[in-house]
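Lettering follows sequence order; numbering is per chain, from 1.
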Amino acid sequence: MSTPAPILVWFRNDLRLHDHPALRAAADSNASIIPVYLHCPESEGAWPQGSASNWWLHHALQDLATQLEKKGSQLILRSGKDPLVLLQNLCQETGAHHIYWNRRYEPEAIQTDTRIKTALPGKSFPGDMLWEPHAVHTQSGGPYKVFSPYYKALQQKGEPPEPLPEARSWQHPQTFPPSESLTQWALLPQTPWDSAFLDHWTPTLQGAKTQLNLFLDESVAHYKTLRDSPSKSGTSRLSPYFHFGQLSPRTVWHEAGNDESNGHEAYIRQLVWRDFAKQLLFHFPHTDTQPLQEKYASFPWLKNPDALKKWQQGQTGYPLIDAGMRELWTTGWMHNRVRMVVASFLVKDLLISWQAGAAWFWDTLVDADLANNSFGWQWAGGCGADAAPYFRVFNPILQSKKFDPQGTYIRKWVPELRSLSDAHIHEPWNAPSPPATYPAPMVNHAEARDRALDALASIKK
DNA sequence: AGGCCCTTCGC
DNA sequence: CGAAGGGCC
């Protein structure tokens, strides 16, 4: 009896063992499994992973390798220019006849996967969405561009596929091919800007599980009201786990989604936004760099490196904006409400392009995800699908008073303002003696708002 | 998933 | 003279 040829299971944005369709299918086949991860930053088009994401990736891979070792397996690391070449080499070295992977939906990934499938015996499985893009379309067969009907359509489909349980065990090859060393990939920063990251995150599968359970036990019931308060832990904080696939949306849907309470439905709605963004990038593959609404291609954005830098460093003089930008820099994450406010400020008050904002988020967020990032910034810029109309300009002072009324979030991230009263913390320039170390507002919001509306008028049809 | 400004209405 | 509601950007 000859043993079947081994199967390469190619891990990508699915760094987990549970609900992993490719791994499960390989395990069920009785062939031996060689798990591989390929690091090909140059093949990933215009969007190689950012610095904060690389930090997370390092830890997630280390953890995945450990979990695989507990099963008697090994994670094989290879790096190079082209994943096709690396997979070809691995097939030759190991005698593997099949490569299994879970699908990705970004334009670059689709091109690469298609190229690999024509050259090698690859088999792909459903990726990290509740419903894959081809499973959802409008009456006329096209993609949805508005969230509400998309959400309705998903509700009518009912439960997404059941998550697959983790395979208990599977066959291993007698010898594994050589692996590169994770340390040599130098994913961790050279200068220690990540010093606080481990205080805020546990970037492992156990960390994902713990955070999900914490959220389901303590926060989800009040999600609808608490999710907008940046000083409270009312959001799920699961985004990086989703991005790296340490959690599967199907798993989370089934753990959170069968409860009819307000909080659960509100949370599932957010999971659907995630699918919505992914299907948009899938159907409109240029929207990582180009506005979905064409008339915005001629929008008169300002090139203003000094202003951009003040925004990036949290030195705009608007407390809520600066708190958010500093939270981002320190922890690799920012509360969703604050993301909307800082984005509106960059795009509308400073008239700096949403692409410049997206690039900064891409490099600094541990949850940076091409579909979510592109969609979110186009939404803020008013040029995307179901976007906030451009004339909807967030007032950074009102948003601050409304969502951080006691200034708790501001005091946490902008220590210069800690001693101000609640009455002055949102507008420190009105305080009797404004802190000398905190900058004056870099723009007057009322004037900036008028300027933004004038700019909008200039591109109107 | 806004906000500004004006009107109206209640006190 | 503040709150509430609507038109508009």
Quiz item: Name the one of A/Lys278, A/Glu132, A/Gln279 that satisfies side-chain hydrogen bond (donor to acceptor under 3.5 Å, both in side chains) with A/Tyr105?
Solution: A/Glu132
Donor-acceptor list for residues 428-443 of chain A side chains, cut-off 3.5 Å, not counting sequence neighbours:
| residue | atom | partner | partner atom | Å |
| --- | --- | --- | --- | --- |
| A/Tyr438 | OH | A/Tyr318 | N | 3.3 |
| A/Tyr438 | OH | A/Tyr318 | O | 3.4 |
| A/Tyr438 | OH | A/Asp322 | OD2 | 2.5 |

Could you pull out the protein-nucleic contacts involving nucleotides 3-5 of chain B (nitrogen or oxygen on both sides, under 3.5 Å)?
| residue | atom | partner | partner atom | Å |
| --- | --- | --- | --- | --- |
| B/dG3 | OP1 | A/Asn395 | N | 3.3 |
| B/dG3 | OP1 | A/Gln399 | NE2 | 3.0 |
| B/dC4 | OP1 | A/Asn395 | ND2 | 2.8 |

Exercise. Rounded to the nearest angstrom, tell me the gap between atom CG in A/Asp450 and atom P in C/dC8.
Key: 19 Å
Self-check item: Separation of C/dC8 C1' from A/Phe391 CZ (nearest whole Å)
Solution: 8 Å
Under 3.5 Å, side-chain donor or acceptor atoms of residues 340-351 of chain A against the rest of the protein: list the pairs with distances, not counting sequence neighbours.
| residue | atom | partner | partner atom | Å |
| --- | --- | --- | --- | --- |
| A/Ser344 | OG | A/Phe394 | N | 3.3 |
| A/Lys348 | NZ | A/Ala380 | O | 3.4 |
| A/Lys348 | NZ | A/Tyr390 | O | 3.3 |
| A/Lys348 | NZ | A/Arg392 | O | 2.9 |
| A/Asp349 | OD2 | A/His445 | ND1 | 2.6 |

Quiz item: Parallel, tilted or perpendicular: which describes the rings of A/Phe244 and A/Trp56, with under 30° parallel and over 60° perpendicular?
Solution: parallel
Quiz prompt | For A/Pro319, the option from A/Leu417, A/Asp404, A/Ile397, A/Leu420 that meets side-chain contact (heavy atoms from CB on, under 4.5 Å) | solution = A/Leu417
